Every structure is written in C-alpha cells, then in structure tokens.
2 protein chains.
Amino acid sequence: MAIQRYKGLADDVYGAIFNKLMSLEIAPGSRITVDGLVRELEVSHTPIREALGRLEGEGLVVKTHLVGYSAAPQITRRHFDELYEMRLLLEPDAARRAARQISEGSMRKLTETAEQMRRLDGARERLRYSGFARLDADLHDQILEIAGNALVRETLAHLHTHFHIFRLMFHARVTEEALSEHESLLVALSSGDELGAERAMREHIERSRQRLLMAFV
Amino acid sequence: MAIQRYKGLADDVYGAIFNKLMSLEIAPGSRITVDGLVRELEVSHTPIREALGRLEGEGLVVKTHLVGYSAAPQITRRHFDELYEMRLLLEPDAARRAARQISEGSMRKLTETAEQMRRLDGARERLRYSGFARLDADLHDQILEIAGNALVRETLAHLHTHFHIFRLMFHARVTEEALSEHESLLVALSSGDELGAERAMREHIERSRQRLLMAFV
DNA sequence: GTATATATTATCGTATACGATATAGCGTAT
DNA sequence: ATACGCTATATCGTATACGATAATATATAC
C-alpha cells in the first residue's frame with residue numbers, strides 16, 4: 001500500500017467511518033446521521049460531511065436529499081456474479097504477466113503470505129475466516145502489483161472494498177481447498193510458467209466463486 | 001445513463017466543478033481554492049467542501065493538508081498504457097457478449113450514434129473532435145450496457161472520465177479511420193457474429209491507442 | 001375504530017465567525 | 001548581490017448558530 005500523508009481531521013473521521021462499515025458495525029443500508037457522529041467522535045459537522053462526501057464518491061455510502069446519508073446496500077447476487085466475471089477477465093492475465101517477470105524478493109514475500117494463511121488453520125472459526133479473507137486479498141493484490149498494471153490493481157482493490165462487507169457475512173470452511181489452490185499458483189509463478197499461472201488463477205477464482213455461491217442458497 | 005435524484009446544492013456545485021475539469025477550464029494539477037468558488041458560485045463553504053470531497057473520492061481532485069485542493073495531475077504515458085491494456089481485457093469480451101444477445105432496439109440506437117458521428121465530419125476541427133470523443137465514448141458505453149455487466153460498465157465509465165481530460169488535449173484527424181472500424185464492429189454485432197465482434201473491438205481499441213500515442217511524441 | 005390533519009421533533013442544509021498554518025514579499029545583514 | 005529571517009496576507013480548518021424540510025406522534029372528526 002502506498003503511504004498516505006495526513007489530510008486533516010476529516011481523514012481520521014473517514015477512517016473511523018470506513019472501519020465501522022467494514023466491521024459491519026454500521027449495517028448495509030442503515031442510516032448514518034451526522035449529528036450522531038458529531039456526538040460520538042466529538043468533532044464538528046464540517047469534517048464529518050467532508051468524509052461522508054468522500055465515501056459517497058467511492059460508492060460506500062449514498063445520500064438522499066433532505067434525508068441524509070446511509071450505508072450502501074447489501075451486495076446482490078447480480079453484483080456478485082458481475083464481480084467474479086470481471087475478476088476472471090483481469091486476474092488470470094495478471095498472473096500470466098507476473099509469472100513472466102517475478103523477482104526473487106516478490107516470490108519470497110508471496111510465499112510468506114501463503115505460509116501465514118496455512119498457520120491460521122488452527123485459529124478460532126470466525127476469527128480465522130476474517131483473517132483468511134484479509135490475507136487472501138493481500139495475496140491477490142501482491143500478484144497484481146507484480147503484474148505491473150496499477151490501474152487494474154487499484155480498480156480491483158476498490159471493488160474488493162465493497163466486496164469485503166459481503167465476505168465477512170460468511171464463515172464457510174473454505175480454507176483447506178483454497179490453500180492447495182494457492183500452492184499450485186505459487187509453483188507456477190516461481191517456475192515462470194506463464195500459462196500454468198494463468199490457468200491456476202482462473203481455476204482458483206472459479207472455485208472461490210463456487211464456494212461463496214453456496215451462501216446465497 | 002441512470003437518472004439521478006437531486007442531492008442538494010452540493011450536487012450543483014459538484015456538476016459545476018466537474019464541467020470545469022472536463023472542459024479544462026481548470027487545468028490538470030492547478031490549484032482549486034474554495035474561497036474562489038465561494039465568490040464565483042455564490043454559495044457557502046460547506047456545499048463546496050462536500051462537492052470537493054466527492055470529487056476526491058472519485059480521484060478527480062487531490063487534497064493536501066493545510067494547502068488545499070487541486071485538480072488531479074495530467075495523465076502520464078504509463079497511465080495511458082495501463083488504461084488501454086485494461087480496455088483490451090474488458091471490451092472485446094463485452095463485444096462478444098453483446099453480439100450474442102443484442103436486441104433490435106439496441107442495434108438501432110447504436111446505428112444512430114454511428115450515423116451521428118459520420119455527420120460530424122464537416123464541422124469545425126476542434127469542435128468536431130470534442131463531439132467525436134463524446135459520441136465514441138457513448139457508443140462504447142452502449143455496447144457495455146448491452147453486454148450486461150454493470151460493474152465493468154461503471155468502472156470503464158469512471159476511468160473514461162479521467163481519460164476525457166486527456167483526450168480533449170488532442171485534435172488529431174482520427175475520425176475517418178475510426179468510422180470504418182465502427183462500421184465493421186456494427187456489422188458483426190448485427191449479424192450476431194460473436195468472434196467477429198470481439199476481434200473488431202480489439203482491433204479498434206488497438207488502433208485508437210496507436211492514433212493517440214502519436215500525441216505523446 | 002380508523003383516517004386525516006396538525007403540531008412537534010429530529011435532522012439536514014446553509015451561513016458566518018474565528019483560529020491556525022503556509023506561502024510570498026520585503027527588508028536587512030553579510 | 002545574495003541569502004536569511006521576519007512580517008503580512010491569503011487560505012485552509014474548525015466551530016457554532018439559524019433556517020428549512022421531512023418524519024413521527026397525537027388529537028380530533030367521521
């Protein structure tokens with residue numbers, strides 16, 4: 001992640017609201033009153049409105065005139081499908097590029113992340129899945145970084161933000177399968193096998209889609 | 001385009017600043033003072049700050065603590081390459097899907113847009129290119145709409161916004177070539193030729209890239 | 001008992017005032 | 001002549017006060 005310079009009090013407020021949204025302390029679709037935040041965070045209206053404006057620009061909150069702000073609604077099945085369709089277009093290609101030009105340092109970092117995920121195996125169920133989702137996102141982001149297209153990387157990170165709200169809802173036992181899929185992917189990457197990496201990524205995303213899909217039933 | 005409900009005065013301010021950015025009345029990288037906008041638009045600080053916050057969330061302006069807002073910097077060669085790389089991953093696939101399921105009404109609307117572009121041929125140079133760019137964007141957006149993935153469509157529309165600032169910079173004579181490329185694309189779409197549409201779209205984007213690339217020299 | 005109208009409250013929307021910081025211009029010293 | 005430091009101004013950042021609108025609750029009439 002790129003370092004961010006301090007952008008004023010509104011920046012802190014932004015982070016506070018962002019965390020509330022990610023942790024589901026503010027449920028999707030529920031209202032967000034600025035007076036409530038004024039009392040809770042003990043700052044004035046202005047930085048709060050500015051932060052909410054930013055969140056609106058990013059699509060995490062919506063605004064209705066003379067009614068106020070509310071958290072963006074829950075992800076729908078349609079969005080879910082569209083997101084995975086888009087990932088399948090972008091990420092396998094990124095994996096192919098990554099396999100072509102991966103450095104030793106990047107490979108080591110990637111392996112370490114995968115190791116961390118494996119170690120999470122014994123942890124408590126709910127906590128485990130939350131941590132797993134975060135590390136999985138990190139691993140995918142690392143590959144996109146190696147692939148080199150910052151635009152694609154930022155776009156997916158942004159979509160991931162929306163998606164994360166959704167992911168936290170489920171605590172499916174998905175780790176073991178995903179671990180072996182990551183394994184195949186990393187093997188292809190380290191050996192510079194472009195087509196293998198592309199195929200492994202595509203399969204991993206398709207399977208991930210299937211695993212999460214069950215939650216919709 | 002989806003209809004938007006009125007979101008208050010800040011919404012008008014947002015539109016005003018947005019237009020200034022698109023028309024290059026505010027140059028990329030130049031500073032935007034809120035007091036200046038207060039005097040010019042004759043509204044108070046609050047709606048202006050809220051609008052700037054939203055624009056920041058969309059990445060069109062950047063904020064520096066205790067310095068203020070400024071328009072996002074000019075697009076770089078690197079961004080340009082990344083954008084086209086991403087378009088090549090997403091749009092040919094969209095063209096393929098569109099060819100599979102296009103309706104008669106959509107096809108008619110598409111043809112009409114292409115006709116409009118052809119009629120622009122005689123207009124004054126600068127005006128022509130500006131209008132051409134807008135219609136070209138519209139045509140691509142229509143195809144993405146037909147393809148059905150709203151997420152991809154919104155993402156590209158968003159990137160296009162950034163890109164538009166850049167496009168207006170050039171007034172290259174690119175219309176004639178592009179017109180025939182659109183022709184091939186529409187023929188493939190109307191005949192339901194999936195692979196042909198995909199190929200035509202890829203070629204169109206690649207050629208568009210080459211045409212604009214000259215401007216970087 | 002239900003529906004409609006009115007009053008009250010909560011919240012958004014806007015404006016203004018004050019304090020803090022950075023930038024720029026000017027003067028002085030070397 | 002140049003460089004350093006100080007002062008002044010412009011702009012951001014924050015807080016508070018007031019007005020407008022919508023949602024809710026209550027009371028009255030049918």
Side-chain angles (χ1 to χ4, degrees), chain A residues 2-21 25-74, chain B residues 3-21 24-74:
Chain A
I3 48 162
Q4 286 261 351
R5 275 217 306 291
Y6 186 67
K7 286 187 179 176
L9 191 43
D11 220 41
D12 299 333
V13 174
Y14 172 88
I17 302 175
F18 186 88
N19 286 337
K20 281 176 190 292
L21 290 169
E25 186 183 329
I26 300 177
S30 65
R31 288 187 54 181
I32 303 173
T33 69
V34 2
D35 272 349
L37 290 169
V38 165
R39 282 190 292 272
E40 186 180 343
L41 304 176
E42 295 179 335
V43 293
S44 73
H45 282 181
T46 315
I48 287 173
R49 299 179 72 88
E50 193 170 337
L52 285 170
R54 241 168 89 192
L55 288 162
E56 190 194 6
E58 295 177 0
L60 275 102
V61 306
V62 292
K63 185 187 178 184
T64 317
H65 183 48
L66 293 177
V67 171
Y69 290 96
S70 55
Q74 179 66 281
Chain B
I3 48 163
Q4 283 262 352
R5 276 218 304 292
Y6 184 67
K7 285 189 184 177
L9 192 43
D11 218 41
D12 299 335
V13 175
Y14 172 87
I17 302 174
F18 186 90
N19 286 336
K20 281 176 190 295
L21 290 169
L24 291 175
E25 186 183 328
I26 300 176
S30 67
R31 288 188 51 181
I32 303 174
T33 70
V34 0
D35 271 350
L37 290 169
V38 165
R39 281 189 294 272
E40 184 181 345
L41 303 176
E42 295 180 332
V43 293
S44 73
H45 282 182
T46 315
I48 287 174
R49 298 180 72 87
E50 193 169 339
L52 285 170
R54 238 167 91 192
L55 288 162
E56 190 195 6
E58 295 177 2
L60 277 110
V61 307
V62 291
K63 184 186 179 184
T64 318
H65 185 49
L66 293 177
V67 172
Y69 289 96
S70 55
Q74 179 66 281

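The sequence lines fix the lettering, A, B, ..., with proteins before strands; numbering per chain opens at 1. Keep in mind it's a predicted model, so treat the numbers as computed, not measured.
- Contacts of A:Ala72 classified as side chain to side chain contact (heavy atoms under 4.5 Å, CB included), with partners at least two apart in sequence or in another chain: none.
- D:dC12 atom P lies 14 Å from atom CD of B:Glu56, rounded to whole Å.
- B:Ile48 comes within contact range of no nucleotide atom at all, as no heavy-atom separation falls under 4.0 Å.
- Scored by the side chain to side chain contact (heavy atoms under 4.5 Å, CB included) test, A:Thr33 finds no partners at all (sequence neighbours excluded).
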Report, as a single string ordered 5' to 3', how protein heavy atoms within less than 4.0 Å touch nucleotides 13-20 of chain C: B base, S sugar-phosphate only, - not at all. SBB-----

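- Evaluation of the salt bridge (Lys or Arg N to Asp or Glu O under 4.0 Å) test over residues 29-45 of chain A, restricted to residues two or more places apart or in two chains, returns A:Lys20-A:Glu40.
- Considering only residues two or more places apart in sequence or on other chains, B:Glu56 meets the salt bridge (charged side-chain N to carboxylate O under 4.0 Å, His left out) condition with A:Lys7, A:Arg54.
- When heavy atoms are screened at a 4.0 angstrom cut-off, A:Ile32 is found touching the sugar-phosphate backbone but no base atom.
- Annotation: side chain to side chain contact (heavy atoms under 4.5 Å, CB included) contacts of B:Asn19 (sequence neighbours excluded): none.
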